[in-house]
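Written out below as C-alpha cells is the structure these notes cover.
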Amino acid sequence: MVKLTEVDKNGNEHRVTGLKLFGSDYPQIITCDKIKPGDVLFCYQDPKSESFFNKKKTKLIQSKTKGIYVHCGIYLGNDLVADAAGKFVRTIKLNEFIDSYSYIVVSRCEYLKEDKITKMIAYAYNCVKNKIEYDLGGAINLPKKRMEHRRFIWGNKPKPNIEKKNDKMFCSEFVLNCFKASGYISKDDKTYVAHMWSPTDLAHDDLLSFQGYIAINGIESIHRDDIFLL
C-alpha cells in the first residue's frame, strides 16, 4: 500500500509531500476503447461546475477524505459500469457515467487474471440483482473510520473495530469487495478493510496502476493536485 498520508505523534493525519512517480510518460488522455473489463474508474468533479447543493457536497467529500476523487465504479464490459450510487448498486452506461463528471481516471490491476475478472464481474451483477443498498451512513462515517484505520496501520494505535453489521455499500467499498469476491484480495485482509477506504485512497494505492485520463476538455481540465499529473 502506497503511503500517501502519515500520522504524527499526536495522531493527526498529514499528506506526504514530494511523492512522485518515476519511469512514466504520464499524463495521457485515452479513449473509451482502451478501457478493459475489471478496470476501476475514479471520478473528479469540479465544484465550480455544479449547483450550490452539489458544490457543497463535492467540497465536503474532498475535504473529509483528503482527496480529489468523489466517486468510483468498475467497468464490466459491453459499455456498462457498476457502481454504488443513489439507492442501490446499479449498472450505468459508460458514456453516461463519464458525462456525469469533469474527468475520469482509468486504473487497472495489472496482475488480475481473466478468471478473477470474471468472478469480479459476476459479483457486481449479483449485487445489482440482489439490490444491495447504498450505504449513506457508511459514507458519512468514512472519514472517522479511515482515520482510525490509518492510525492503526501507520501510527501503532489500537486496532479499530472493523466489523460491519450490514451488507450495504458505498462506492469504494463496493469496488474493493469486487476484488475480494474475485479472490485476488483475501476477504479477511486487515489492510484492505473495504468500508475504511475512500475513492482517493484506492486510486493512489499500488493495487492499481494508472492507465490514463478520460477528459472531454483535455489535459487542461485535470486538477492541478491530481497525483498522476506530472
Do side-chain atoms of [X] reach the backbone of [Y] as a donor and acceptor pair under 3.5 angstrom?
{"X": "H223", "Y": "L229", "answer": "no"}
{"X": "K87", "Y": "A85", "answer": "no"}
{"X": "S172", "Y": "W197", "answer": "yes"}
{"X": "Q45", "Y": "S102", "answer": "yes"}
{"X": "T91", "Y": "V81", "answer": "no"}
{"X": "K180", "Y": "Y192", "answer": "yes"}
{"X": "S107", "Y": "A203", "answer": "no"}

Path from [X] to [Y] over hydrophobic side-chain contacts below 4.5 Å:
{"X": "I216", "Y": "I104", "value": "no"}
{"X": "V70", "Y": "L136", "value": "no"}
{"X": "L112", "Y": "Y125", "value": "yes"}
{"X": "Y134", "Y": "V89", "value": "no"}
{"X": "I117", "Y": "V128", "value": "yes"}

Just by distance, no angles: are the side chains of D201 and S198 close enough, under 3.5 Å, to form a donor-acceptor pair?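 Yes, a side-chain donor-acceptor pair sits under 3.5 Å.
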Please determine, by modelled atom types, if H71 and D83 share a side-chain donor-acceptor pair under 3.5 angstrom.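 Side-chain D/A pair, H71 to D83: present.
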Which atom of [X] lies closest to which atom of [Y], heavy atoms considered:
{"X": "F42", "Y": "C72", "value": "CD2-CB, 3.6 Å"}
{"X": "I132", "Y": "D167", "value": "CG2-O, 3.1 Å"}
{"X": "I30", "Y": "Q211", "value": "CG2-O, 3.8 Å"}
{"X": "T200", "Y": "I68", "value": "OG1-N, 3.4 Å"}
{"X": "C109", "Y": "L208", "value": "N-CD2, 3.7 Å"}
{"X": "L80", "Y": "Y75", "value": "O-CD1, 3.1 Å"}

Sole candidate of I214, D226, I29 that passes side-chain contact (heavy atoms from CB on, under 4.5 Å) when paired with Y103: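 Single side-chain contact (heavy atoms from CB on, under 4.5 Å) partner of Y103 among I214, D226, I29: D226.
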Could you check K164 against E173 for salt bridge (charged side-chain N to carboxylate O under 4.0 Å, His left out), going step by step and ending with a plain yes or no? CA-CA 12 Å; K164 185 162 183 182; E173 179 180 9; 2.6 Å; yes
Beyond-backbone contact of [X] with [Y], side-chain heavy atoms, under 4.5 angstrom:
{"X": "F174", "Y": "D135", "answer": "no"}
{"X": "Y213", "Y": "V106", "answer": "no"}
{"X": "L176", "Y": "L207", "answer": "yes"}
{"X": "L41", "Y": "F97", "answer": "yes"}

Whether over 12 other heavy atoms sit under 6.0 Å from D99 CG: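 Counting neighbours around CG of D99, more than 12 heavy atoms of other residues, nucleotides or ligands fall under 6.0 Å, so yes.
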To the closest 0.5 Å, what do you measure between [atom1] ([X]) and [atom2] ([Y])?
{"X": "I92", "Y": "S100", "atom1": "CD1", "atom2": "OG", "value": "5.0 Å"}
{"X": "C178", "Y": "L76", "atom1": "SG", "atom2": "CG", "value": "8.0 Å"}
{"X": "D79", "Y": "C32", "atom1": "CG", "atom2": "SG", "value": "8.0 Å"}
{"X": "K116", "Y": "Y123", "atom1": "NZ", "atom2": "OH", "value": "15.5 Å"}
{"X": "H195", "Y": "F170", "atom1": "NE2", "atom2": "CZ", "value": "7.5 Å"}
{"X": "L142", "Y": "M196", "atom1": "CG", "atom2": "CE", "value": "9.5 Å"}

Run the salt-bridge test on K34 and D39 with the 4.0 Å N-O cut-off and return the result as yes or no.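 Salt bridge flag = no for D39 with K34.
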Ring centres under 6.0 Å, that's the criterion: do Y44 and Y69 meet it?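 That pair fails the under 6.0 Å test.
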